[in-house]
Amino acid sequence: MSSPQATLPDDQPEHRYNAALADRIETAWQDRWDADGTYETPNPVGPLSEGFAEVADAKKLFVMDMFPYPSGAGLHVGHPLGYIATDVFARYKRMTGFNVLHTMGYDAYGLPAEQHAVATGQHPLINTEANIATMRRQLRRLGLGHDPRRSVSTTDREFLEFTQRIFLRIFNSWYDPTAVNRLGGPGRARPISELLESYRTGGRRSADGRPWAELSEQEQRSLIDAQRLVYVADVPVNWCPGLGTIVANEEVTADGRSDRGNFPVFKRNMRQWLMRITAYADRLVDDLDLVSWPEPVRLMQRNWIGRSVGARVRFTTAAGDIEVFTTRPDTLFGATFMVLSPEHPMVDALTAESQKSAVDAYRSAAASKTDIDRQDEGRAKTGVALGASATNPVNGEQIPIWIADYVLMGYGTGAIMAVPSGDQRDFEFARQFGLPIVATIAPPQAWFDTQGVEPSLDTAAWKQAYTGDGPVVQSQNTTLVLDGMNKAEAVAATITWLQQHGHGAATVQTKLRDWLFSRQRYWGEPFPIVYDDYGPVALPDAMLPVDLPETDQFAPRSFDANDSASEPERPLDRLAEWKHVTLDLGDGSGARALVRETNVMPQWAGSCTYYLRYIDPTHVESLSVEENQRYWMGENGVDLYVGGVEHAVLHLLYSRFWHKVLFDLEEVHTPEPFGRLFNQGYIQAPAFTDQRGIYVEASEVTEHGGQFMHDGQPVKREFGKIGKSLKNMVSPDEMYQAYGADTLRLYEMSMGPLEQSKPWDTRAVSGSLRLLQRIWRVVVDETSGEVRVTDAQPTTPDLRALHSTIAGVRDSMDALRLNTPIARITELTNHLTSTYPAGAPSVLAEPLVLMVAPFAPHLAEELWMRLGHTQSLVREPFPILDPSMLVSDTVAVPVQINGKLRTVLTVAAGSTGAQLEAAALADERVSSALVGRTIKKVVVVPGKMVNLVVG
RNA sequence: GCCCGGGUGGCGAAAUGGCAGACGCAGCGGACUCAAAAUCCGCCGCCGCAAGGCGUGCCGGUUCAAGUCCGGCCCCGGGCACCA
């Protein structure tokens with residue numbers, strides 16, 4: 001693509017606003033802002049409280065960006081989109097009287113730094129700190145108004161201590177579903193000491209009913225540990241011996257191998273740390289009503305948690321009870337068979353001798369199938385009968401038990417009752433294998449009509465299952481009569497009956513699973529946990545932080561790639577002196593030999609609660625100072641949180657979970673961390689592929705007559721997310737050099753709606769530079785450098801232009817519609833430059849400068865100073881709208897005939913409907929169009945429009 | 001297949017149900033200049049000499065009036081994978 005004009009001709013006016021001048025202005029103002037502490041925001045109390053008295057009456061505003069991972073590649077122009085938007089918003093809010101907290105941190109634990117360390121043998125901290133320094137430089141050059149004192153990294157020692165401290169709060173808690181929480185709803189986390197006390201005093205007993213005192217120490221510890229919000233359990237994971245770590249589903253290829261290294265991956269159970277996020281499933285769903293977030297994100301979280309209300313039903317078999325989960329207990333009389341997942345633990349016990357070989361074959365076929373294979377199978381149902389039956393609790397019928405891979409072990413109980421008349425998958429399965437289909441809900445006439453089928457309860461003619469509502473039929477026994485009820489009534493009646501007869505109970509099922517919290521890596525937060533003979537023990541807060549020990553071996557131990565039984569050996573396992581310690585935990589046991597936990601926390605840990613660090617960045621004695629936290633979090637938490645939609649589920653769900661635990665423990669005081677969320681779009685850029693389909697460096701591609709060429713060869717243009725992988729990076733550094741930071745800021749904000757993805761076009765940046773040049777010329781003479789504003793009085797059209805701009809800008813800022821205010825500012829600028837080519841009245845130039853300040857702060861500060869002000873404009877009041885200035889003597893009123901525009905009348909403001917109608921009819925273009933036609937109706941909206949309906 | 005977005009000039013985009021295309025990029029014409037750059041002035045949806053007609057993915061509907069509301073479909077982007 002064409003490269004930006006880095007230099008401009010030599011003979012341009014000496015004081016023209018160009019890249020070189022912008023660079024001088026921007027650098028100077030950045031230095032002055034730093035020196036003056038312009039963006040330092042005071043806390044109510046503590047070390048950062050200086051100056052708070054001056055803003056004590058202002059409203060607070062806490063603005064946050066999703067903090068970045070400090071990548072080695074530095075920034076590209078896609079990164080700052082959200083950062084500029086929050087900065088524009090924060091600057092606008094400062095100018096409208098808010099005390100604004102805005103800073104930026106770094107989410108610096110993570111895999112790329114570890115892999116770099118493995119490759120180079122250099123400690124990841126060295127590389128991480130260098131990357132942070134680069135990003136800080138690039139962001140500072142952008143002129144972001146961040147409080148530098150609050151800029152933290154998750155790897156800072158104080159931050160590490162903070163993260164470990166929160167971990168211990170969660171570890172030392174359990175979830176009491178019967179307790180009333182601070183919002184008055186059911187369920188809250190309570191200190192583990194209260195659970196212990198309840199056992200000690202006899203309020204609770206072990207599962208087998210023995211009192212606390214009769215339990216062994218091991219039994220006591222296990223009983224408590226099993227109920228913590230952080231616990232150890234065997235869970236199915238993707239174990240990759242070749243890498244020596246567990247890998248995520250998305251890192252496993254379709255043929256069951258690791259993304260990196262292409263090693264085999266084995267699904268097996270392994271002891272892992274988990275966080276009990278499922279305890280909060282209901283509140284995580286319900287409290288989405290408390291936040292103003294984009295509806296799609298709330299929907300994604302609801303779907304991810306996947307709450308469905310239904311019942312558990314027990315079916316008896318010769319080998320014991322099988323429990324199923326169903327959302328449709330009302331259709332129980334239509335359950336004509338049962339399907340287990342191939343991995344269900346009771347399959348072996350239920351399989352008849354005659355079916356053994358078929359079942360084994362099906363099971364191994366299902367196990368070896370990849371997701372891709374299953375997908376290719378399309379809709380055809382497969383399965384094998386076990387040769388056993390179960391008793392349907394409502395009618396005593398013996399129904400056959402099958403296994404099929406459409407039933408998943410990971411959801412519900414891994415077993416379903418199949419109701420083919422009311423579930424399409426069960427219907428297809430029944431048709432495939434000739435199983436009975438019994439209708440229990442009578443479909444309406446309309447349904448049969450759309451099917452083209454004669455209405456009948458004889459399902460032989462049905463083409464598909466009926467999943468809708470309708471009167472229940474064929475559903476009664478001696479103690480339960482559902483016939484005639486609707487769906488909701490029948491669900492309730494069935495659940496009551498199941499409970500009374502001991503066959504089941506109402507339950508809520510979620511898709512959400514507990515959060516796997518341990519990683520077999522080096523570059524993460526160590527757990528503040530040691531083990532004694534009975535299990536894990538929390539370190540006391542006074543022993544925090546647990547620092548990462550020094551080493552130069554950062555990779556986990558890898559094993560023979562096929563050794564599926566191998567056990568992970570983590571980097572910290574090799575550090576025997578660190579791992580084996582003698583400590584006095586202060587619990588009365590004295591100094592004793594203990595073993596440290598050698599897993600580390602996942603990268604999510606650091607991003608869960610970093611907003612609390614921004615509030616009190618140096619504080620370590622507790623999570624934060626309550627007065628500061630209550631001030632900044634207010635009623636609704638962070639006032640604006642901006643980031644990419646890719647974090648819609650995981651980060652935001654984990655963060656909400658931790659916050660809710662801390663809320664229950666009265667460490668924080670809002671039910672939700674982020675009151676308002678905004679997702680910015682991506683910046684996309686052209687990317688080019690050669691004839692082999694390989695990406696080529698986009699900056700080296702040239703265009704000749706509509707044909708894109710690279711290295712003499714034609715290449716194909718695509719569009720994609722800007723970045724390294726598509727070789728279409730555009731660095732902000734290039735933009736600073738060619739245009740200046742203010743132009744880059746203005747361009748990114750003017751590209752289009754913030755939430756939309758949009759293509760980068762370096763050529764179009766010049767339009768933003770030209771606007772800033774015109775604003776510059778409103779104030780400064782390009783040749784002499786003299787300030788050229790005048791004392792002239794503004795005219796009525798001037799004031800109308802000014803105030804319509806004020807109205808347009810103010811209207812859009814709160815909603816983060818940041819592209820249209822720039823258009824309004826452009827209009828005002830064009831009005832001033834064409835009306836006053838030799839210098840505009842200062843009463844117009846000053847508000848123009850103030851309005852552009854959030855977008856182009858350096859330029860605005862410079863002009864403000866040249867206009868004679870000695871104070872920074874950062875806290876100068878934003879121009880205020882005088883609505884009377886928008887009132888005009890005349891208005892333009894469109895006249896339509898049959899809805900089509902015919903003319904526009906200029907009439908006196910406040911004309912009545914009758915006057916408008918008369919004026920319209922008197923218009924020549926209207927009357928000529930009306931020749932030979934009759935007016936049937938006249939619609940007049942006074943001040944707005946006239947529409948003549950003619951025959 | 002399901003869920004979530006989105007389809008408006010050559011391009012990025014504006015538009016509380018009330019003048020479609022504000023503002024900008026690119027382009028075209030003119031002024032200034034020896035020339036160019038910069039700047040300034042003007043043009044710039046499509047068809048048509050014009051009058052006028054047609055235009056917001058497609059087909060219908062509601063309305064005096066639809067880019068906007070309703071129903072159905074098509075295409076593009078993102079997410080999920082038989083969730084009982």
Side-chain angles (χ1 to χ4, degrees), chain A residues 5 8-13 16 18 294-297 299-300 303-304 306 308 310 324-328 331 339 341 371 374-375 377-379 381 404-408 410-419 422-426 428-429 509-511 645-646 648-649 679 681-682 684 719-720 746-747 750-753 755-768 770-771 773-774 777 782 808 811 817 819-827 829-830 833-834 837 892-904 936-941 943-950:
Chain A
Q5 292 291 311
L8 291 160
D10 300 331
D11 59 344
Q12 62 175 270
R16 169 160 298 168
N18 56 26
E295 193 50 38
V297 176
L299 201 62
M300 277 190 264
N303 291 343
W304 185 267
S308 40
V324 304
F325 171 74
T326 177
T327 54
R328 298 293 307 275
T331 62
V339 186
S341 148
D371 291 349
R374 290 192 186 191
Q375 184 179 338
E377 266 185 282
R379 326 212 87 221
K381 291 280 176 285
D405 60 9
Y406 78 92
V407 176
L408 308 175
Y411 181 74
T413 62
I416 62 161
M417 63 179 217
V419 183
D423 181 284
Q424 185 58 25
R425 287 156 307 163
D426 297 347
E428 288 167 21
F429 194 86
Q509 184 67 43
T510 61
K511 285 191 257 183
V645 74
E646 69 271 21
V649 177
N679 297 121
Y682 298 116
Q684 301 177 312
F719 266 88
L746 191 69
Y747 174 64
S750 68
M751 288 172 81
E755 66 276 16
Q756 264 175 40
S757 291
K758 49 233 156 188
W760 180 261
D761 180 5
T762 296
R763 283 184 310 180
V765 180
S766 59
S768 298
R770 287 205 278 258
L771 172 60
Q773 286 176 328
R774 287 201 297 280
R777 276 200 301 273
E782 287 186 326
D811 263 4
R817 287 192 305 264
N819 49 330
T820 51
I822 296 170
R824 300 289 86 78
I825 289 169
T826 307
E827 285 168 335
T829 305
N830 292 349
T833 51
S834 60
V893 174
V895 179
Q896 301 172 344
I897 294 178
N898 284 349
K900 275 188 191 157
L901 181 72
R902 285 297 145 179
T903 189
V904 179
K936 297 208 302 210
K937 185 174 177 182
V938 179
V939 180
V940 183
V941 182
K944 276 284 191 187
M945 50 75 61
V946 177
N947 190 14
L948 304 170
V949 186
V950 303

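Heavy atoms only: backbone and side chains are in, while hydrogens, waters and symmetry mates are out. A note on names: the letters A, B, ... follow the listed sequences, proteins ahead of strands, and every chain is numbered from 1. Note that the structure is predicted; figures quoted are calculated from it, not measured.
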Inter-nucleotide [atom1] distance ([N], [M]), Å rounded:
| N | M | atom1 | result |
| --- | --- | --- | --- |
| G29(B) | C23(B) | P | 23 Å |
| A13(B) | G67(B) | C1' | 14 Å |
| G10(B) | U56(B) | P | 13 Å |
| G42(B) | G24(B) | P | 12 Å |
| G21(B) | G78(B) | C1' | 28 Å |
| A26(B) | C74(B) | C1' | 31 Å |
| G79(B) | G45(B) | P | 38 Å |
| U63(B) | C70(B) | P | 16 Å |

Would you give the length of the straight line joining atom [atom1] of [X] to atom [atom2] of [Y], rounded to the nearest 0.5 angstrom?
| X | Y | atom1 | atom2 | answer |
| --- | --- | --- | --- | --- |
| T829(A) | R824(A) | OG1 | CZ | 12.0 Å |
| N819(A) | K758(A) | CG | NZ | 7.5 Å |
| N898(A) | N947(A) | CG | CG | 7.0 Å |

* Quiz item: K381(A) side-chain donor-acceptor pair to C82(B) base, under 3.5 Å ->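 Indeed, a donor on one side and an acceptor on the other fall under 3.5 Å apart.
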* Annotated protein contacts, base or backbone, on nucleotides 3-22 of chain B with a non-hydrogen cut-off under 4.0 Å, one of B, S, - each -> SS-------SSS-B-BB--B
* Asked: If the sugar-phosphate is the primed atoms plus P, OP1 and OP2 and the base is the rest, what is the B/S/- string for nucleotides 39-48 of chain B, using protein heavy atoms under 4.0 Å?
  -> SSS-------
* To do: Please identify each residue that fulfils side-chain contact (heavy atoms from CB on, under 4.5 Å) with T327(A), with sequence neighbours left out.
  =>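 In terms of side-chain contact (heavy atoms from CB on, under 4.5 Å), with neighbours along the sequence ignored, T327(A) is linked to S308(A), F325(A).
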Separation of [N] [atom2] from [X] [atom1] (nearest whole Å):
| X | N | atom1 | atom2 | value |
| --- | --- | --- | --- | --- |
| D405(A) | A84(B) | CG | P | 17 Å |
| E428(A) | A84(B) | CD | P | 16 Å |
| K511(A) | G79(B) | NZ | C1' | 12 Å |

* To do: Using the closest heavy atom to pick a nucleotide of RNA chain B for each, name whichever of T327(A) or V949(A) lands nearer the 5' end.
  =>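 Result: V949(A).
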* Asked: Taking the nucleotide of RNA chain B with the closest heavy atom to each, which residue, A415(A) or N898(A), is nearer the 5' end?
  ->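 Going by which nucleotide is closer to the 5' end, it is N898(A).
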* Asked: Does G53(B) sit syn or anti, given that only angles within 90° of 0 count as syn?
  ->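 Classified anti.
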* Asked: Can you check whether Y406(A) has a side-chain N or O nearer than 4.0 Å to OP1 or OP2 of A84(B)?
  ->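 No, outside the criterion.
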* Reckon T413(A) has a side-chain N or O less than 4.0 Å from the OP1 or OP2 of A84(B)? ->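 Answer no for this pair, as no side-chain N or O of T413(A) is under 4.0 Å from OP1 or OP2.
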Taking every non-hydrogen atom, the tightest pair across [X] and [Y]:
| X | Y | result |
| --- | --- | --- |
| M417(A) | V324(A) | N-CG1, 3.8 Å |
| T833(A) | R774(A) | CG2-O, 3.9 Å |
| Q773(A) | N18(A) | NE2-CA, 4.5 Å |

* To do: May I ask you to decide whether E428(A) forms a salt bridge with R425(A), counting only side-chain N to carboxylate O separations under 4.0 Å?
  =>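 Result for this pair is no, no salt bridge flagged.
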Scan nucleotides 51-59 of chain B against the protein and return all N/O pairs shorter than 3.5 Å with their distances rounded to 0.1 Å.
{"unit_1": "C54(B)", "atom_1": "OP2", "unit_2": "K900(A)", "atom_2": "NZ", "d": "3.3"}

* Does the pair Y747(A) and T762(A) meet the rule for a side-chain contact (heavy atoms from CB on, under 4.5 Å), with working shown? -> CA-CA 10 Å; Y747(A) 174 64; T762(A) 296; over 6 Å; no
* To do: Can you figure out which of G24(B), C82(B), C64(B) approaches the side chain of R425(A) most closely?
  =>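 It is C82(B).
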* To the side chain of S766(A), which of A84(B), A26(B), C82(B) is closest? ->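 Nearest to the side-chain atoms of S766(A), counting from C-beta on, is A26(B).
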* side-chain contact (heavy atoms from CB on, under 4.5 Å) assessment of I822(A) paired with L771(A) -> CA-CA 10 Å; I822(A) 296 170; L771(A) 172 60; 4.2 Å; yes
* **Side-chain (D423(A)) to main-chain (A418(A)) donor-acceptor, under 3.5 angstrom** =>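 Here the side-chain-to-backbone pair does not exist.
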* Should stems be defined as at least three consecutive Watson-Crick or G-U pairs with both distances under 3.5 angstrom, which of them involve RNA chain B? ->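 Detected stem regions: B:1-7 with B:74-80, B:10-12 with B:23-25, B:27-31 with B:39-43, B:45-47 with B:52-54, B:57-61 with B:69-73.
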* To do: For side-chain contact (heavy atoms from CB on, under 4.5 Å), just list the numbers for T326(A) and V419(A), CA-CA rounded to whole Å, side-chain angles, deciding distance to a tenth of an Å, and then say yes or no.
  => CA-CA 10 Å; T326(A) 177; V419(A) 183; over 6 Å; no
* To do: Measure up the Y406(A) and F429(A) rings against each other and bin them: parallel (under 30°), tilted (30 to 60°), perpendicular (over 60°).
  =>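 Y406(A) vs F429(A) ring planes: tilted.
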* To do: For S768(A), report the nucleic acid contact type (base, sugar-phosphate, nothing); a contact means any heavy atom under 4.0 Å.
  =>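 S768(A): no heavy atom of the nucleic acid under 4.0 Å.
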* Who passes side chain to side chain donor-acceptor pair (under 3.5 Å) against E755(A), sequence neighbours left out? ->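 With neighbours one apart ignored, the set is empty.
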* **side-chain contact (heavy atoms from CB on, under 4.5 Å) evaluation trace for V946(A) with V939(A)** => CA-CA 6 Å; V946(A) 177; V939(A) 180; over 6 Å; no
